[in-house]
Each structure stands twice: as C-alpha cells, then as structure tokens.
Amino acid sequence: MSEIAIKYEDKIVDLQTAKELGLSGEPIELDNSPEALEVLRHSTAHLMAQAIKSLYSDAEFYVGPVVKEGFYYDFKTSAEIGEADLKKIEKQMLSFAKKKYPIERYVISKDEAREKFKNDHLKQAVLDMIPDEDVSIYKQGDFEDLCRGPHLPNIGLIRYFKLTKISGAYLGGDSKNEMLTRIYGIAFATKEALKEHMDMLREAEKRDHRKLGNEMKLFTFREEVGAGFPIWLPAGGRLRARLESLLFKAHRKRGYEPVRGPEMLRSDLWMTSGHYQNYGENMYFTKIDDIEFGVKPMNCVGHIKVYEDELHSYRDLPIKYFEYGVVHRHEMTGALHGLFRVREFTQDDAHIFCRADQIEEQIIEVIDFVDKIMSTFEFDYKMMISTRPDKAVGSDEVWEISTQALKNAMDKHNLPYEIDEGGGAFYGPKIDIKITDAIGREWQCGTVQLDFNLPERFKLEYNGENNDKIQPVMIHRAILGSFERFIGILTEHYAGEFPMFIAPTQVAIVPVAETHKEYAKLLSDKLIDINADSEIYAKNDSLNKRIRTAEKTRVPMIVVIGDEEIENKTVAVRDRRTREQYSMSEDEFLKLIQTKINEVNF
RNA sequence: GCCGACAUAGCUCAGUUGGCUAGAGCAGCUGAUUUGUAAUCAGCAGGCCCGGGGUUCAAAUCCUCGUGUCGGCACCA
C-alpha cells in the first residue's frame with residue numbers, strides 16, 4: 001500500500017502540495033477509507049478526462065467532482081457519445097494508467113490560466129467562479145487540467161474503476177444553460193471493493209419496485225393508458241387496502257375527520273388560492289359549459305370549503321380533516337419513474353385548522369405520528385425544513401414567522417433537521433420527511449407545512465372568546481406522502497417480502513391432492529373471518545411445483561394440507577425465509593395469523 | 001422539457017452485413033398423471049415485430065415523426 005496524501009489540519013493535502021508548501025501530517029494510504037477514496041476518485045475523474053480528450057480532441061471540460069455515488073465529469077464535444085462508448089473510454093483510461101504518468105502540480109496566475117485554456121469556454125466558466133488570484137494546474141502526461149486537487153501522486157495507482165452512466169447535465173445545473181455530457185464512474189482501491197459495489201448495485205436492481213411490481217402483479221402501466229398513470233392490480237389493491245384501513249384507524253384515533261373534496265374545482269378558486277398563478281403549469285384544466293375548471297393538484301382547497309361550511313368556535317380548534325386525496329399533476333416526461341413519480345396519485349392528506357398558540361403542539365403531534373409509522377416499517381428517515389421558494393405568496397414577514405415557528409418546534413424537542421433553502425411550498429414553509437430507496441436515492445414522503453397564506457386568501461375565521469373574528473392557521477400534512485410512492489419504497493425496502501400485516505396475501509394453502517381441496521377451502525374461509533387473505537394452490541401440477549409457485553409470490557406463510565393434517569386438525573407450515581417446516585394445530589395457526597395481522601397499530 | 005439508450009408473444013429474451021413461413025423458455029389452454037415441501041409428461045394455441053410516414057425488388061432490421069420505457073439533468077409526493 002502506498003501513501004497518497006497527508007492529513008493536515010483536518011484537510012486532505014496531496015503529496016505534491018505538501019512537498020511544495022513543506023507541510024507534514026498523518027499519512028493517508030491508498031485504501032478504501034473515505035479520505036483515500038476521495039483522492040482516488042477525483043484522480044480517476046481526471047484520468048477519464050484525459051482519455052476523453054485523447055479520443056475526442058475537441059472536448060472541453062467543465063467540472064469533475066467526487067460525489068456520493070462516485071465521481072463524474074461534465075464536458076462537451078461535437079461527437080455523439082452513447083453508452084456503447086463507455087467501454088472504449090475505459091480501455092483508453094487503462095492504457096494511460098499503465099504508462100504510470102506522475103501527476104504534477106504547479107501554480108499559475110488566473111490570467112495565465114485564462115490564456116492557457118483560451119480555447120475551452122467551459123474552463124473559462126470555471127475560472128469565473130474562482131475568487132482566488134492564483135490557480136493550480138495538475139498535469140499527467142500531456143494532459144493538463146485546472147483543479148484544486150487533491151490528487152494521487154501517479155495515475156498508475158488507478159486500477160479498479162468502472163464508468164457507470166452517461167447522461168446529459170445542464171451547465172451549472174441550470175436548465176436555461178446549454179447541456180453538457182456527463183459520465184459517472186466509480187473507483188476503489190481494491191478489486192474486491194469494486195466487485196462488492198457492483199454486486200450491491202445488482203442486488204438493488206433486484207429490489208427495484210418496478211421489477212417486483214410486475215413480478216408480483218402489484219401494479220402496471222400501459223402505453224395506451226398514458227404515461228404516469230398507474231393501474232393497480234388485485235395483489236397491489238389488497239396491499240394498498242390494508243395500508244389504507246390501518247391508517248384510517250390511526251387518523252380516527254388522533255381526532256381526524258374523514259372528508260372529501262371534488263376532483264375538480266372552478267378556476268376562480270385556484271386563482272384565490274394562488275395555485276393558478278403559482279402552480280398552474282403543473283395543473284390540468286378543462287371546460288364545462290364555458291366555465292374553466294382545474295383538476296386538483298392538492299386537496300387543501302376542498303378542505304377549506306369543508307371548513308367554511310359552518311362557523312367555528314375557538315373551543316373547537318384544532319379541527320383536523322383528512323382524505324385519501326387523488327391528485328393530478330403534470331410532471332415532466334423525464335421525471336416519471338415507476339410509482340415514485342406519477343401524474344395521478346393519492347395522498348394521505350390532512351389539514352389542521354388551529355389557533356396560533358396551538359401550532360407547536362400540533363406540529364409535534366404530527367411528527368410523532370410520522371415517527372410511529374416510519375419506525376413500524378423500520379425506515380430511517382431524515383427531516384428537512386424547506387424555506388421560501390422563488391414563486392411564493394404572502395409577505396416576507398409571514399414567511400419569517402412561520403419558518404421560525406417550524407424551527408422552534410423542532411429545536412424545542414431536540415429533533416434534528418437540515419435546511420433546504422427555497423424548497424418550500426408556494427404558500428408556506430415545510431418540514432419534509434425523506435426516506436431512502438434501495439439504491440440510496442432519497443425520496444420525499446411525508447410533509448408538514450405551515451400556512452398563514454391560504455387562511456388569509458380565503459378569509460377563514462373562527463370566533464374568539466370575545467366573539468371576535470380570528471384567522472386560523474392551517475397545517476397541511478401527509479405522512480406517507482402518497483400511497484404510490486410509499487408502496488414503491490416499501491416494496492424495495494422489503495424486497496417484496498412484505499410483513500404479514502400488509503402482505504397482499506397472508507397465507508398460501510397447498511392441498512396435497514385433489515381430495516384435500518375441500519378442506520383447504522374451509523380453512524380459507526376461516527382465514528377470511530379473521531381478515532386474512534389466502535390463495536389455494538390446487539392446480540393440476542405436482543406438489544413441488546405448486547410450492548415453488550407459492551414461494552415465488554413471496555407470501556409470508558405457506559401451509560400444506562394432506563391426510564395427516566385433516567385427520568389431526570393441524571397445518572404443516574413452511575416459513576418464507578428459512579424454508580423450514582413445522583406443524584401446528586389449526587387453532588394455534590389461526591390465532592398466530594390473527595396476532596400477526598393485528599400486532600401493528602399506528 | 002433536455003442529453004443518451006431502448007421498444008419482438010401475457011412475462012423474460014434470441015433473431016447475423018436488409019433476403020425463405022419471426023424463434024425459445026416461463027405463463028395460458030387440452031389431455032394423461034393425484035402427487036408430502038422449489039419446476040411430471042405430451043400436445044395446442046399465442047405476433048400489425050410500439051404507431052404513422054418514407055427509402056428499397058425486398059424492412060423486425062435503414063431514415064423520419066410520434067408514443068412509451070430506461071439512465072441521468074432540470075423539476076417534485
């Protein structure tokens with residue numbers, strides 16, 4: 001193992017820089033530590049750039065940073081590069097690596113750098129962003145790149161890497177700018193680590209909810225139906241229904257009232273709410289007898305109309321309405337992604353109308369609710385406070401007060417959070433709950449939004465103790481976010497092996513021979529009585545085949561029924577994970593299923 | 001929406017530089033078999049090769065415009 005850099009004042013300093021500045025510190029060896037990988041991957045990005053430059057001589061380079069999933073480099077060339085070219089570039093990289101060019105570093109002034117890269121408009125853009133007077137250049141062979149480092153001492157150290165993805169990426173991350181080509185890659189210090197990483201990706205692929213959803217017949221999409229409109233199949237329907245009914249009970253326990261608003265409302269209302277102006281490009285509109293209607297992208301307006309249906313006293317607050325609200329949003333084609341991003345979805349949505357002095361307790365109550373559910377499913381999640389976006393309604397002052405209120409509530413209860421600057425809803429700041437999918441992508445699920453604007457816009461009020469008219473505060477919240485996304489994430493989280501209480505089918509019953517079919521049906525009926533779904537595998541196939549088929553559906557329990565079982569009133573249980581078999585009495589079995597189904601309450 | 005890739009049976013995939021009647025496995029149907037814990041055997045059926053338009057003697061294959069999907073970017077539950 002060789003030394004590649006040193007740690008100096010908690011910073012990684014490469015050997016070239018350390019030598020130049022005469023620094024010394026704890027050595028960093030080339031291993032799979034985060035520090036070493038940072039240096040290795042950064043240098044691999046440069047090696048890739050060198051290879052690209054040699055293959056596409058007009059290539060210009062923007063930035064090539066190390067990121068969570070490896071590294072990338074953004075560049076531009078007149079050549080069309082596709083996935084097939086990655087192999088070619090990898091090969092070129094290896095041949096350069098074999099030459100073991102040392103990576104040299106020197107410093108020049110920014111003006112000199114401008115001159116040096118005068119034919120590269122992307123490097124000029126990079127130079128524009130650098131405030132310093134002097135910049136460093138790294139050189140390997142005849143390839144030079146403007147870079148802050150740190151880098152390996154020699155490109156020969158780069159051996160175990162893979163280019164993983166190619167795509168477009170906007171210059172500076174802004175869709176108004178030109179699009180560059182981006183190639184992602186990954187590198188490790190050892191062959192084993194690289195292999196492990198690739199295995200992990202393959203494993204994640206197996207969990208992909210789109211693949212499992214298809215295999216397990218949970219949901220489907222069809223071209224002739226339209227992009228982004230999921231079709232729920234029977235198995236998915238059962239899973240979803242279980243989740244819905246559990247959650248319904250949980251809402252009722254916490255004082256939420258079920259309500260329901262219409263699917264579309266007159267456009268005037270969307271103007272009052274501000275959706276028309278601030279969210280209109282995501283909405284679908286239609287006309288009925290010359291009056292324009294907007295299909296709801298959110299449920300708040302409907303719930304406001306419920307609130308307006310009667311007068312409210314300060315004694316009645318908080319009032320909590322909930323709805324499994326179907327919403328439609330015009331998502332861009334490129335954003336659609338299985339159940340994670342669709343154009344029609346159902347939110348577990350609720351709106352809490354409360355007094356200003358109830359905000360904190362209400363927010364904390366919602367966060368407790370979220371925690372109850374996420375911990376039941378064993379999800380890690382993190383919370384983000386999102387502040388005022390560019391497109392927003394309401395005064396700065398109101399935004400400041402409401403954002404502060406969210407922070408206060410979190411701080412007071414020692415709840416950790418990150419800040420997402422400008423990520424709020426147009427009507428108020430929010431706390432987002434983000435959970436992670438099988439391959440580490442984070443998805444926003446639950447959300448708690450504090451809103452002083454819609455109550456103002458709709459002139460909502462309640463009677464105070466002195467019979468004065470006071471404006472309530474609105475809290476918008478969703479726990480799962482949407483059934484679609486949440487079930488997608490659940491599918492990946494459990495790799496399709498759903499726990500008993502939400503599994504589409506609780507029990508697979510396999511009768512040994514035809515003569516046991518009748519008894520299987522009786523057992524199935526008993527299961528329905530305790531709210532468990534079962535499927536009887538009585539097709540004209542071998543017993544082995546039917547057990548195999550049942551296994552493949554990932555059903556939590558398989559029971560085999562034959563002469564022995566019928567005679568003794570027992571069932572032969574086969575466990576999903578261990579594939580072990582054991583026998584238990586039918587009564588015990590039914591009790592067990594019942595317990596497993598009922599053990600979860602949010 | 002942008003960059004790149006892809007679209008063949010219900011599913012997973014073959015199909016050579018444009019050239020015979022487009023194939024396989026699984027699933028489905030029919031029959032035989034009635035099975036004790038991960039694939040019994042045989043037969044049958046199943047295709048506007050994503051959709052329009054074009055090039056060609058000839059198109060699943062080449063071009064073009066759509067639609068959909070995938071990987072990212074941008075945007076978001």
Side-chain angles (χ1 to χ4, degrees), chain A residues 69 72 74 76 80-86 164-184 208 210-211 214-215 217 220-228 279 281-282 297-298 325 327 329-343 345-349 386 389 420 423 425 430 432-435 441 443-447 478-486 488-489 510-517 537-552 558-565 572-575 579-581:
Chain A
E69 56 281 354
Y72 67 78
D74 283 352
K76 191 175 169 90
E80 274 202 359
I81 305 186
E83 260 151 59
D85 300 304
L86 294 183
T164 50
K165 296 172 222 175
I166 177 162
S167 76
Y170 293 107
L171 172 74
D174 189 334
S175 60
K176 288 195 271 300
N177 292 341
E178 64 181 309
M179 181 155 270
L180 311 176
T181 303
R182 173 175 294 180
I183 296 181
Y184 283 93
D208 191 310
R210 293 167 299 188
K211 189 170 142 62
N214 182 30
E215 266 175 38
K217 298 265 174 221
T220 188
F221 290 91
R222 301 196 133 243
E223 184 175 344
E224 69 269 27
V225 169
Y279 205 76
E281 62 208 36
N282 295 312
M298 300 182 194
V327 296
R329 296 183 186 176
H330 182 252
E331 301 293 343
M332 303 236 228
T333 49
L336 302 175
H337 182 104
L339 283 184
F340 287 175
R341 202 68 182 274
V342 290
R343 287 183 172 152
F345 57 101
T346 307
Q347 296 180 304
D348 58 326
D349 204 3
S386 302
D420 176 9
K430 57 182 184 173
D432 284 331
I433 289 85
K434 297 206 171 175
I435 56 185
R441 284 180 293 214
W443 293 90
Q444 184 186 323
C445 288
T447 180
I479 310 271
L480 310 182
S482 76
F483 285 95
E484 284 74 10
R485 181 175 289 178
F486 193 76
I489 292 176
V510 185
V512 173
E514 205 147 337
T515 48
H516 311 119
K517 255 165 103 170
Y537 287 78
K539 229 183 68 177
N540 186 9
D541 274 330
S542 67
L543 179 70
N544 282 350
K545 176 67 175 289
R546 285 177 288 139
I547 285 170
R548 180 185 152 86
T549 310
E551 283 279 2
K552 292 192 84 169
I558 297 176
V559 299
V560 177
I561 306 278
D563 288 337
E564 241 175 82
E565 286 72 26
V573 178
R574 186 185 161 95
D575 192 87
R579 292 179 196 165
E580 275 170 14
Q581 304 143 35

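What you see is a predicted model; the values in this text were computed from it and never measured. So you know, we letter chains A, B, ... as the sequences are listed, proteins then strands, and number each from 1. Reckoned from all heavy atoms, side chains included, excluding hydrogens, waters and symmetry mates.
Side-chain atoms of A/Ala335 lie closest to B/rA74 of the nucleotides B/rG36, B/rG72, B/rA74. Closest to the A/Ser175 side chain, of the nucleotides B/rA77, B/rG36, B/rA74, is B/rA74. Nearest nucleotide to the A/Lys430 side chain, out of B/rU37, B/rC3, B/rA77: B/rA77. Listed nucleotides: B/rG4, B/rC73, B/rU37. Nearest to the side chain of A/Gln581: B/rU37. Comparing atom distances between the A/Lys165 side chain and each of B/rU69, B/rG36, B/rG72 picks out B/rG72 as nearest.
Within 4.0 Å of A/Lys76, counting heavy atoms only, lies no atom of the nucleic acid at all. Within 4.0 Å (heavy atoms only), A/Tyr184 reaches sugar-phosphate atoms of the nucleic acid but no base atom. At the heavy-atom level, A/Ala84 lies nowhere under 4.0 Å from the strands shown. Within the nucleic acid shown, A/Glu80 comes within 4.0 Å of sugar-phosphate atoms alone, with no base atom in reach, counting heavy atoms only. At the heavy-atom level, A/Glu281 lies nowhere under 4.0 Å from the strands shown. In this structure, A/Arg485 reaches the bases: a heavy-atom distance under 4.0 Å links it to at least one base atom across the strands shown. In this structure, A/Gly173 reaches the sugar-phosphate backbone alone: every heavy-atom distance under 4.0 Å involves primed, P, OP1 or OP2 atoms, never a base. Within the 4.0 angstrom heavy-atom criterion, only backbone atoms of the sugar-phosphate kind lie near A/Ile81; the bases stay farther away. At a threshold of 4.0 angstrom between heavy atoms, the contacts of A/Ser482 include nucleobase atoms, whether or not backbone atoms are also involved. In this structure, A/Asp563 reaches the bases: a heavy-atom distance under 4.0 Å links it to at least one base atom across the strands shown.
Mapping A/Phe221 and A/Ile561 onto RNA chain B via the closest heavy atom, the residue that lands nearer the 5' end is A/Ile561. Across the interface with RNA chain B, nearest-nucleotide mapping of A/Gly82 and A/Trp443 shows A/Gly82 to be the residue nearer the 5′ end.
Panel note: side chain A/Arg574, backbone A/Gln581; no donor-acceptor pair is recorded below 3.5 Å. Side chain of A/Asp85 to main chain of A/Gly82: a donor-acceptor pair is present (N/O by atom type, distance under 3.5 Å, no hydrogens or angles). A/Arg546 places a side-chain N or O within donor-acceptor distance of the main-chain N or O of A/Val512, the cut-off being under 3.5 Å.
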Protein N or O to nucleotides 8-12 of chain B N or O, pairs below 3.5 Å:
residue : atom : partner  : partner atom : Å
B/rC11  : O3'  : A/Asn214 : ND2          : 3.3

Any protein N or O atoms within reach of nucleotides 42-50 of chain B? Criterion: under 3.5 Å, listing atom names and distances.
none

Any chance you could list the contact pattern along nucleotides 27-35 of chain B? Use B for base contacts, S for sugar-phosphate-only contacts and - for none, protein heavy atoms under 4.0 Å, 5' to 3'.
SS---BBBB

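An OP1 or OP2 oxygen of B/rU40 is reached within less than 4.0 angstrom by no side-chain nitrogen or oxygen of A/Arg548. The side chain of A/His330 contributes no N or O atom lying less than 4.0 Å from OP1 or OP2 of B/rC75. Between A/Thr333 and the phosphate of B/rG1, there is a side-chain N or O to OP1/OP2 separation shorter than 4.0 Å.
Of the C1' atoms belonging to B/rC63 and B/rG23, the separation is 28 Å, rounded to the nearest Å. Across B/rU17 and B/rU21, the matching C1' atoms stand 23 Å from one another, rounded to whole Å. B/rC29 and B/rG66 have their C1' atoms separated by 37 Å, given to the nearest Å. If you take atom P in B/rA77 and the same atom in B/rC62, they sit 42 Å apart, rounded to whole Å. Rounded to the nearest Å, the gap between the C1' atom of B/rA22 and that of B/rA59 is 13 Å. Comparing the P positions of B/rA14 and B/rA9 gives a spacing of 12 Å, expressed to the nearest Å. The same atom, P, is picked in B/rU61 and in B/rU56; the two are 16 Å apart, to the nearest Å. Comparing the C1' positions of B/rC50 and B/rU67 gives an interatomic distance of 8 Å, to the nearest angstrom.
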Side chain to side chain contact (heavy atoms under 4.5 Å, CB included) between A/Tyr537 and A/Lys539, intermediate numbers included
CA-CA 6 Å; A/Tyr537 287 78; A/Lys539 229 183 68 177; over 6 Å; no

Side chain to side chain contact (heavy atoms under 4.5 Å, CB included) between A/Glu331 and A/Val342, intermediate numbers included:
CA-CA 7 Å; A/Glu331 301 293 343; A/Val342 290; over 6 Å; no

Does A/Asp432 form a salt bridge (charged side-chain N to carboxylate O under 4.0 Å, His left out) with A/Lys434? I'd like the steps, not just the answer.
CA-CA 6 Å; A/Asp432 284 331; A/Lys434 297 206 171 175; 5.3 Å; no

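Spacing between atom CE of A/Met179 and atom P of B/rC75 amounts to 11 Å, rounded to whole angstrom units. In this structure, CD1 of A/Ile435 is placed 20 Å from P of B/rC76, rounded to the nearest angstrom. Put simply, CG on A/Leu336 is 10 Å from C1' on B/rU69, counting in whole angstrom units. Counting to the nearest Å, the C1' atom of B/rC75 and the CZ atom of A/Phe340 are 17 Å from each other. For the pair A/Leu180 CG and B/rG72 P, the interatomic distance rounds to 18 Å; values are reported in whole Å. For the pair A/Ile183 CD1 and B/rA5 P, the interatomic distance rounds to 13 Å; values are reported in whole Å. Atom pair A/Asp85:CG and B/rG71:P shows a separation of 20 Å (rounding to whole Å applied). Separating the CD atom of A/Gln347 from the C1' atom of B/rA77 is a distance of 6 Å, rounded to the nearest angstrom.
Applying the salt bridge (charged side-chain N to carboxylate O under 4.0 Å, His left out) test to A/Asp74 and every residue at least two apart in sequence or in another chain returns A/Arg182. Every residue meeting the side chain to side chain donor-acceptor pair (under 3.5 Å) condition with A/Arg222, not counting sequence neighbours, appears here in chain and number order: A/Glu224.
Between A/Glu565 and A/His516 there is no side-chain heavy-atom pair separated by less than 4.5 Å. Using a 4.5 Å cut-off on side-chain heavy atoms (C-beta onward), A/Arg341 and A/Arg485 make contact.
No N or O donor and acceptor, one from the side chain of A/Arg329 and one from the base of B/rC75, sit under 3.5 Å apart. Side-chain N/O atoms of A/Arg574 and base N/O atoms of B/rA38 include a donor-acceptor pair closer than 3.5 Å. Below the 3.5 angstrom threshold, one finds no donor paired with an acceptor across the side chain of A/Glu83 and the base of B/rG72. Side-chain atoms of A/Arg341 and base atoms of B/rC76 include a donor and an acceptor less than 3.5 Å apart.
Salt bridge status for A/Arg210 with A/Asp208: present, with a side-chain N to carboxylate O gap under 4.0 Å. We find that A/Lys76 and A/Glu178 are joined by a salt bridge, their nearest charged nitrogen and carboxylate oxygen being less than 4.0 Å apart.
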Counting Watson-Crick and G-U wobble pairs with both distances under 3.5 Å, what is the dot-bracket string for RNA chain B, 5' to 3', using [ ] for crossing pairs and | for pairs to another strand?
(((((((..((((.....[...)))).(((((.......))))).....(((((..]....))))))))))))....

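By the criterion of a centre-to-centre distance under 5.5 Å and near-parallel planes under 30°, the ring of A/Tyr170 forms no stack with the base of B/rA74.
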